[in-house]
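Notes follow the structure.
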Amino acid sequence: LRCVCKIASETMDDASVGTQRDGRPAGDAAERASQGRPGQYKTTTNPEEEAARRRAALLSQQSEARSNRISDFRRVAMEALLGGDTQNDPEQEVEVEDEEEEDVDALGDGDAGDAAMDCERNGANKRKLCRLRRLHRTLFFARQLQVPDWLLQVPEDLARDWLLLVRPAGDRCLLLSDSGRVEVRRKNGYVLERFQDSRLPSGLTVLDVVCMEAPSETEKPSMQAPVDMACSEEAVVVAEKTESFDINADEDMGLRKETNGKRMNGKGHDKGSGKGRRGRPRGDRRYAVCDVLAWADVDMVSAEAECRMFWLQSRFAEISDKPSRRARPLQLIPATLATPEVLTQAYNADVGYEKDSFLLLHREAHYSVGEAVTPLALSWRDRHISRFVVDTPDGHGEKLPERQAVVLEVRGGGHLRTADHKIVAQLTEEQRAQVKDLTDGQGPKVGSLLRCNVQSVDIATQRLVGVQCVAHVAARSRVWADSWGRIVFQHLHREGLAAQISFQALLQAVGYNATA
């Protein structure tokens with residue numbers, strides 16, 4: 001009884017002092033009770049504060065930890081570079097061990113048939129595993145490119161903390177090099193071409209580039225619209241019809257062909273005259289270097305954007321402007337602070353190539369790898385910069401389709417979400433049955449991508465109205481869904497409501513004075 005009384009006395013003494021085990025004063029409980037339940041919830045924030053909070057949170061996360069991804073990247077990249085052309089040959093045969101053939105010969109006639117069937121089955125499985133490994137490597141490279149978000153709210157510190165690049169029109173690619181061997185991969189991870197360039201340093205070098213290729217003289221005018229559509233930043237790389245996952249797709253996506261009477265190997269080169277020799281690259285193609293992931297085995301992903309741009313400028317000052325016979329020309333895209341003078345000149349002046357968009361990089365941002373979208377890199381364009389502000393099959397970019405096309409990711413329960421994890425719609429039972437027909441009876445798998453047409457975009461509730469599924473997007477076509485920023489950006493331009501993200505809004509954010 002004495003112990004019980006002593007414990008009760010100590011408890012009352014602690015309460016009288018007004019302290020709690022979690023360190024908060026006892027008066028907080030009374031204050032929270034006086035405020036009621038609404039006072040216990042977080043306050044709502046406006047879009048500007050939410051965008052600033054996301055950028056600040058991402059900056060703090062990337063400064064706290066540095067990943068060791070360079071070792072994995074080098075392992076996969078060197079495997080692809082050292083493999084040569086035969087590693088990606090879809091007609092390459094997988095050799096079967098001689099021991100299996102000897103076992104078949106040693107068996108009798110009755111067991112020989114079953115053994116031969118087992119060997120054939122094993123050979124098919126090995127070929128399937130080999131193609132799977134190539135596909136996984138392809139998807140690995142497709143996830144390395146940084147995916148910028150689209151500018152919906154002009155940052156307040158635009159002139160102070162953001163770098164501006166004028167991105168050229170063309171397909172985004174990943175250029176890998178080691179000891180003169182160069183491999184260029186498209187945005188979906190597949191090989192575009194290989195060549196030799198002795199100007200690049202020894203050691204793994206990975207560059208974020210844009211392939212600027214002039215249309216050939218033999219192209220028909222009717223084929224120019226799809227080419228221009230593919231040159232836009234978020235356009236579809238492959239024409240997407242109802243297309244199922246193809247495990248047997250070759251990595252180079254091109255067979256041998258003839259161009260101008262010369263036999264080509266599907267990678268933009270003449271067929272070599274001798275064994276192991278690579279011909280000179282054909283066509284008027286050059287690469288615009290926009291960013292760097294690694295240079296001579298030095299990891300640049302964890303470096304700040306300002307450091308990466310200065311590194312590229314210093315290294316390219318040491319490289320000869322004249323490429324070798326078997327190399328492609330490289331052009332460095334300069335990055336400068338987004339001052340009023342720089343913005344005006346980039347918007348109005350001729351930069352020597354066809355413009356696609358403005359790319360804004362936060363000067364302290366790391367290169368985002370393996371993420372569907374990053375708010376520390378923003379894309380912007382208008383009709384003056386590019387005629388393809390809105391995705392359209394029209395070659396002049398003037399005739400817009402009735403419904404806006406978007407690519408969304410399927411989640412559990414038939415929900416559809418964007419690349420930045422916003423649930424924007426949900427499939428009905430009828431739509432699920434329709435998707436099942438589009439995917440050859442497999443149904444909408446979680447993580448798969450669907451191309452949809454939407455009637456309208458409700459920005460206030462962040463929902464899509466009138467969603468209609470039209471196609472299944474194959475995994476070998478693209479790996480990320482559209483971000484909410486891209487959907488809203490195109491919706492505002494379609495409806496003529498882009499005044500808040502116009503070029504005049506950018507100038508006002510950087511303190512431009514028209515009367516000065």
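What you see is a predicted model; the values in this text were computed from it and never measured. Hydrogens, waters and symmetry mates are skipped; everything else that's a heavy atom, side chains included, is used.
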Can you find a heavy atom in the side chain of [X] that is under 4.5 Å from one in the side chain of [Y]?
X      : Y      : result
Trp150 : Leu492 : no
Val210 : Cys290 : yes
Val147 : Arg486 : no
Val289 : Leu312 : yes
Arg478 : Val473 : yes
Glu409 : Trp480 : no
Leu416 : Ile423 : no
Val182 : Leu175 : yes

Please say whether more than 12 non-hydrogen atoms of neighbouring residues, nucleotides or ligands are located less than 6.0 Å from [atom1] in [X].
X      : atom1 : result
Asn348 : CG    : yes
Gln462 : CD    : yes
Glu156 : CD    : no
Phe310 : CZ    : no
Gln345 : CD    : no

* To do: Determine, stepwise, if the pair Gln196 / Arg181 fulfils side-chain hydrogen bond (donor to acceptor under 3.5 Å, both in side chains).
  => CA-CA 5 Å; Gln196 299 286 334; Arg181 296 184 300 269; over 6 Å; no
* Could Arg315 and Trp311 be counted as a cation-pi pair, given that NZ or CZ must be under 6.0 Å from the ring centre and within 45° of the axis? ->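 Yes, Arg315 lies over the aromatic ring of Trp311.
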* Asked: Could you give all pairs that pass the ring pair (Phe, Tyr, Trp, His ring centres under 6.0 Å) test and reach residues 167-189, with sequence neighbours left out?
  ->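 As it turns out, there is no ring pair (Phe, Tyr, Trp, His ring centres under 6.0 Å) pair with a partner in residues 167-189 once direct neighbours are skipped.
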* Would you sort out whether Val206 and Gln144 count as a side chain to side chain contact (heavy atoms under 4.5 Å, CB included), showing the intermediate values? => CA-CA 10 Å; Val206 184; Gln144 303 307 308; over 6 Å; no
Spatial distance of atom [atom1] ([X]) from atom [atom2] ([Y]) [nearest 0.5 Å]:
X      : Y      : atom1 : atom2 : result
Ser477 : Leu449 : OG    : CG    : 8.5 Å
Glu304 : Arg363 : CD    : CZ    : 9.0 Å
Arg476 : Tyr190 : CZ    : OH    : 5.5 Å
Asp197 : Arg325 : CG    : CZ    : 14.0 Å
Leu293 : Leu207 : CG    : CG    : 8.0 Å
Met300 : Met309 : CE    : CE    : 8.5 Å

* Asked: Can you list the steps and then say if Leu376 with Leu361 is a side chain to side chain contact (heavy atoms under 4.5 Å, CB included)?
  -> CA-CA 6 Å; Leu376 297 177; Leu361 297 176; over 6 Å; no
Nearest atoms (heavy-atom pairs only) where [X] meets [Y]:
X      : Y      : answer
Thr138 : Asn188 : CG2-O, 3.6 Å
His362 : Trp162 : N-CE3, 3.4 Å
Leu158 : Ala509 : CD2-CB, 4.2 Å
Ala505 : Ala499 : CB-O, 4.0 Å
Ala338 : Leu360 : CB-CD2, 4.5 Å
Pro168 : Asp356 : O-CB, 3.3 Å

Counting N and O atoms only, with roles assigned by atom type, does the side chain of [X] sit under 3.5 Å from a partner on the main chain of [Y], one being a donor and the other an acceptor?
X      : Y      : result
Arg383 : Arg387 : yes
Asp171 : Cys211 : no
Glu183 : Arg194 : no
Gln146 : Val369 : no
Asp157 : Arg160 : no
Ser456 : Val465 : no
Arg186 : Val191 : yes
Arg417 : Val424 : no
Asp299 : Ala294 : no
Arg494 : Leu400 : no

* After noting the C-alpha distance and the side-chain angles of Asp208 and Arg172, does the key distance pass the salt bridge (charged side-chain N to carboxylate O under 4.0 Å, His left out) rule? -> CA-CA 7 Å; Asp208 184 347; Arg172 287 191 65 192; 2.6 Å; yes
* **Worked verdict on Tyr367 versus Arg308 for side chain to side chain contact (heavy atoms under 4.5 Å, CB included)** => CA-CA 9 Å; Tyr367 193 93; Arg308 299 198 307 270; 4.0 Å; yes
* **Salt bridge flag under 4.0 Å for residues Arg285 and Glu193** =>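 Here Arg285 pairs with Glu193 in a salt bridge, since their nearest N and O are under 4.0 Å apart.
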* Using 4.0 Å as the upper bound for N to carboxylate O, is an ion pair formed by Arg286 and Glu213? ->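 So Glu213 does not pair with Arg286 through a salt bridge.
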* **Any side-chain donor near an acceptor of the partner, Ser483 and Asp149, under 3.5 Å** =>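 Note: Ser483 and Asp149 side chains meet the donor-acceptor criterion.
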* **Flag for Asp394-Thr392: side-chain donor and acceptor within less than 3.5 Å** =>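 Checked: Thr392/Asp394 side chains show no N/O donor-acceptor pair below 3.5 Å.
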* Is the Phe489 to His493 ring centre distance short of 6.0 Å? ->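 Judged by ring-centre distance (under 6.0 Å), Phe489 and His493 do meet the cut-off.
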* Examine His384 together with Tyr347 and report whether their ring centres are nearer than 6.0 Å. =>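 Here the rings of Tyr347 and His384 have centres that are less than 6.0 Å from each other.
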* Asked: So which of Thr336, Asp291, Leu359 actually passes side chain to side chain contact (heavy atoms under 4.5 Å, CB included) with Leu165?
  ->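 Result: among Thr336, Asp291, Leu359, Leu359 is the only option passing the side chain to side chain contact (heavy atoms under 4.5 Å, CB included) with Leu165.
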* Asked: Do Leu378 and Leu152 pass the side chain to side chain contact (heavy atoms under 4.5 Å, CB included) test, and can you show the C-alpha distance, the side-chain angles, and the key distance before you say yes or no?
  -> CA-CA 9 Å; Leu378 301 175; Leu152 298 181; over 6 Å; no
